[in-house]
Amino acid sequence: MGRFYANARPDCILGLNTMANLTASNITIDFPLYHSDSRSLKKTILGQASARFGRDTNNRPVVQALRNISFSLNSGDRLGLIGSNGSGKTTLLRVLSGIYQPTGGVLSADGRLTALLDPGQGMNPQLTGRENIRLRGLYLGLSPSKTMDLVKDVEDFSELGNFLDLPVRNYSSGMTIRLAFAMATAFPPEILLMDEWILAGDAVFMEKARKRVEDMVRHADILVLASHSPSILVEWCNRLLWVENGQIKSDGSPLTVLEQYLPPHAFKELAKIDTNS
């Protein structure tokens, strides 16, 4: 079983000047396969995806989601994760955030951590938007007056109006993103973990939200961002990990890794934009 050592302080505890750090040492994640005797599963295991399947110490079939992932980040580091769908980027973010416990290796983190991984993350769909904001305030340990400030900030930024008093289950996907984004970005983190859903709101809202994201990125001690957008990764990151089949395929500066990852014509266009910016 892997180990997770954390001193990830809630977002509301401000003014602590401890240098943030995040270190992964040989992180491995196995997901057990149930109904593994089915004929279709056996066909899959024997097919092209066989490299991602294995057996655990009890000889049970597992999906090898991550294999021996290692890196170390300190204040000022901006790490981008790139790779094809299913390569392990989001799984790695979930391990770093504490959602998944590594089955092997050691993960240590020190700093206020905010994870923007899922629009519905931490929300109860049966509660109203306003109730979810207050619940977030309780989780963060905010005083009643600070919780009221949080409600006002989210209300103003999300522009959901009267919809804040309706259950979240009735929200459209765009409204859910607005609420989740406004709540998650209300406090400056030291360690910021982001999946690319944060960049996928409606155009009018994202024009407004981009500045808030950029402020968070700029003020965070450490950033880890998973994205398919090379231009965003070059703009926001100073290091990239190319993750493929649950393993690190390349680790280096953004342009160095993207030159290996992108088709030649796409990289030339990206390099041209980067040179002119």
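Below, all heavy atoms of this structure are taken into account, side chains as well, without hydrogens, waters or symmetry copies.
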Any donor and acceptor pair, going by atom type alone, linking the side chain of Asn238 with main-chain N or O of Arg78 inside 3.5 Å?
yes
Residues two or more places apart in sequence or in another chain: which of them pass salt bridge (charged side-chain N to carboxylate O under 4.0 Å, His left out) with Asp215?
Lys211, Arg218
Can you see which heavy atom on Leu22 is nearest to which on Ile222, and at what distance?
N-CD1, 3.9 Å
Test Arg239 against Asp77 for salt bridge (charged side-chain N to carboxylate O under 4.0 Å, His left out), laying out the working first.
CA-CA 8 Å; Arg239 178 181 175 188; Asp77 287 333; 5.4 Å; no
Report the C-alpha separation of Arg134 and Thr147 in whole Å, then their side-chain angles, then the decisive distance to 0.1 Å, and conclude whether the side-chain hydrogen bond (donor to acceptor under 3.5 Å, both in side chains) test is met.
CA-CA 6 Å; Arg134 290 173 179 153; Thr147 298; over 6 Å; no
For residues 261-268, which side-chain donor-acceptor pairs fall under 3.5 Å, sequence neighbours excluded?
none

For Tyr100 and Phe31, take the angle between the two ring planes, folded into 0 to 90°, and tell me which bin it lands in: parallel under 30, tilted 30 to 60, perpendicular over 60.
perpendicular
Any donor-acceptor N or O pair under 3.5 Å, side chains Thr90, Asp195:
yes
For Asn74, is there any backbone N or O sitting under 3.5 Å from a side-chain donor or acceptor partner on Asp221?
no
Are Leu135 and Met123 joined in one hydrophobic group, where the rule is that I, L, V, M, F, W and Y side chains link up if heavy atoms are under 4.5 Å apart?
no
Kindly indicate, with the supporting measurements, whether the criterion side-chain hydrogen bond (donor to acceptor under 3.5 Å, both in side chains) is fulfilled by Ser250 and Gln260.
CA-CA 8 Å; Ser250 184; Gln260 303 169 49; 3.2 Å; yes
Under 3.5 Å: donor-acceptor pair, side chain of Lys89, backbone of Val243:
no
Lys/Arg-Asp/Glu bridge criterion (N-O < 4.0 Å) met for Lys146, Asp153:
no
